Amino acid sequence: MTLTHIYETLFGAYGPQGWWPLLGVAGTNPTKTGAIRGYHVGDYSFPRNDAERFEICAGAILTQNTAWPNVERALRALADRNVLSPQGVLSLAQPDLATLIRASGYFNAKARKLREFAAFYTGLAGQVPTRAALLDVWGVGPETADSMLLYAYGQEEMVVDAYTRRILGHLRLVKPVADYDTVKRFCARRLPCDLVVYQEFHALLVEHAKRHYQRMPYADPLLR
DNA sequence: AACCAGGACGTGA
DNA sequence: TCACGTCATGGT
């Protein structure tokens with residue numbers, strides 16, 4: 001079972017996922033599970049502007065260990081108040097920001113993370129951040145940094161998350177204890193370095209895991 | 001009604 | 001390094 005085969009199998013089964021979800025983009029994904037919306041299936045021209053870029057980054061922080069529908073509530077609360085922007089986030093006192101993003105969980109920690117990131121983002125002045133610079137921001141770890149680079153900045157950085165580990169571990173392609181960078185290199189070495197492939201691969205693994213890796217014991221009907 | 005979700009950080013060994 | 005506790009809402 002090669003990663004290319006996994007990719008093609010999942011792509012054949014679910015089709016393009018069109019990540020990252022955006023509030024202003026209607027969900028048209030025929031394979032969507034649950035309440036997830038905001039797809040732009042088959043269109044890889046995103047983000048189309050700076051507002052969408054920041055929304056993706058904010059979502060990457062808010063979705064840490066959190067289900068997307070809750071993240072969407074928080075993002076919508078920010079958008080409704082017209083503060084889903086670096087300036088908007090920084091205009092709020094941290095407790096007020098925390099109240100707005102309450103639904104996403106860990107709201108105190110995430111309010112601080114959003115503010116730290118908004119300040120960093122402003123300092124970028126439109127430049128693409130390096131991975132190392134992102135990792136220096138408090139609240140941005142490896143997965144969050146790679147999600148931002150891959151989906152907000154169009155950089156070919158493989159995203160490894162709990163689902164990636166779960167699926168690849170179940171298929172015995174990686175050890176369950178392998179660290180982030182080990183799994184990342186494993187994937188990067190075996191898939192073509194292509195933006196579409198990277199974006200879809202991560203999204204497809206999430207979709208597949210949501211369908212078949214929610215509860216033990218796993219019985220994967222597609223991969224083995 | 002426990003269990004978990006597209007993690008990251010701080011601490012003590 | 002590494003294992004473990006902490007942060008917290010909402011769906012199943």
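Letters go in sequence order (proteins before strands), and every chain restarts at 1. Just so we're clear, the structure is a prediction, and the values are computed from it rather than from any experiment.
Checking the phosphate oxygens (OP1, OP2) of dA2(B), no side-chain nitrogen or oxygen of R215(A) falls inside 4.0 Å.
Remark: T2(A) engages no residue in a side-chain hydrogen bond (donor to acceptor under 3.5 Å, both in side chains) (not counting sequence neighbours). Among residues two or more places apart in sequence or in another chain, the salt bridge (charged side-chain N to carboxylate O under 4.0 Å, His left out) test is passed with E116(A) by R112(A). Among residues two or more places apart in sequence or in another chain, the salt bridge (charged side-chain N to carboxylate O under 4.0 Å, His left out) test is passed with R48(A) by E52(A). Evaluation of the side-chain hydrogen bond (donor to acceptor under 3.5 Å, both in side chains) rule for Y121(A) yields D50(A) as partners, not counting sequence neighbours. Residues passing the side chain to side chain contact (heavy atoms under 4.5 Å, CB included) test with A79(A), sequence neighbours excluded: L23(A), L84(A). For E157(A), the salt bridge (charged side-chain N to carboxylate O under 4.0 Å, His left out) criterion is met by K184(A), not counting sequence neighbours. When the ring-ring contact (aromatic ring centres under 6.0 Å, His included) test is applied to H208(A), the partners found at least two apart in sequence or on another chain are Y14(A), H212(A), Y213(A).
Going from the P atom of dA8(B) to that of dG10(C) covers 22 Å, rounded to whole Å. Using P as the reference atom, dG5(C) and dC3(B) are 15 Å apart when rounded to the nearest Å.
Heavy atoms of D161(A) sit under 4.0 angstrom from primed sugar atoms or phosphate atoms, though from no base atom. Using a 4.0 Å heavy-atom criterion, one finds that R165(A) contacts no nucleic acid atom at all.
For the residue pair T99(A) and D96(A), no side-chain donor N or O sits within less than 3.5 Å of a side-chain acceptor on the partner.
Residues of residues 88-111 of chain A that place a heavy atom closer than 4.0 Å to DNA chain C, in numerical order, are R102(A), A103(A), G105(A), Y106(A), F107(A), N108(A), A109(A). The stretch residues 2-12 of chain A has no heavy atom under 4.0 angstrom from DNA chain C at all.
Residues Y151(A) and P47(A) come closest through the heavy atom pair O-CD, 3.5 Å.
Nucleotide dC3(B) holds its C1' atom 15 Å from the CG atom of N70(A), rounded to whole Å. We find that CD of E72(A) is positioned 12 Å from P of dG11(C), with the value rounded to whole Å. Atoms CG (N65(A)) and P (dC7(C)) sit 14 Å apart, rounded to a whole Å. Rounded to whole Å, atom P of dT9(C) lies 18 Å from atom CG of L75(A). When rounded to the nearest whole Å, the span between CZ of R211(A) and P of dA5(B) equals 18 Å. Between L62(A) atom CG and dA8(C) atom P the separation is 13 Å, expressed in whole Å. When rounded to the nearest whole Å, the span between CZ of R73(A) and C1' of dT9(C) equals 9 Å.
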Less than 3.5 Å apart, which donor and acceptor atoms pair up between the side chains of residues 101-110 of chain A and the rest of the protein, not counting sequence neighbours?
residue	atom	partner	partner atom	Å
S104(A)	OG	I101(A)	O	2.9
Y106(A)	OH	N65(A)	ND2	2.9
K110(A)	NZ	L62(A)	O	2.6
K110(A)	NZ	Q64(A)	O	3.3
K110(A)	NZ	T66(A)	OG1	2.8
K110(A)	NZ	S104(A)	O	3.0

Filtered N/O pairs between nucleotides 8-10 of chain B and protein, under 3.5 Å:
residue	atom	partner	partner atom	Å
dA8(B)	OP1	G141(A)	N	3.2
dA8(B)	OP1	G141(A)	O	3.2
dA8(B)	OP1	E143(A)	N	3.3
dA8(B)	OP1	T144(A)	N	2.8
dA8(B)	OP1	T144(A)	OG1	2.6
dC9(B)	OP1	G139(A)	N	2.8
dC9(B)	O3'	W138(A)	NE1	3.2
dG10(B)	OP1	W138(A)	NE1	3.1

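Applying the salt bridge (charged side-chain N to carboxylate O under 4.0 Å, His left out) test to every pair with at least one member in residues 170-181 of chain A, sequence neighbours left out, gives these pairs: R131(A)-D181(A).
Judged by distance alone, the side chain of R224(A) and the main-chain N or O of M1(A) form no donor-acceptor pair under 3.5 Å.
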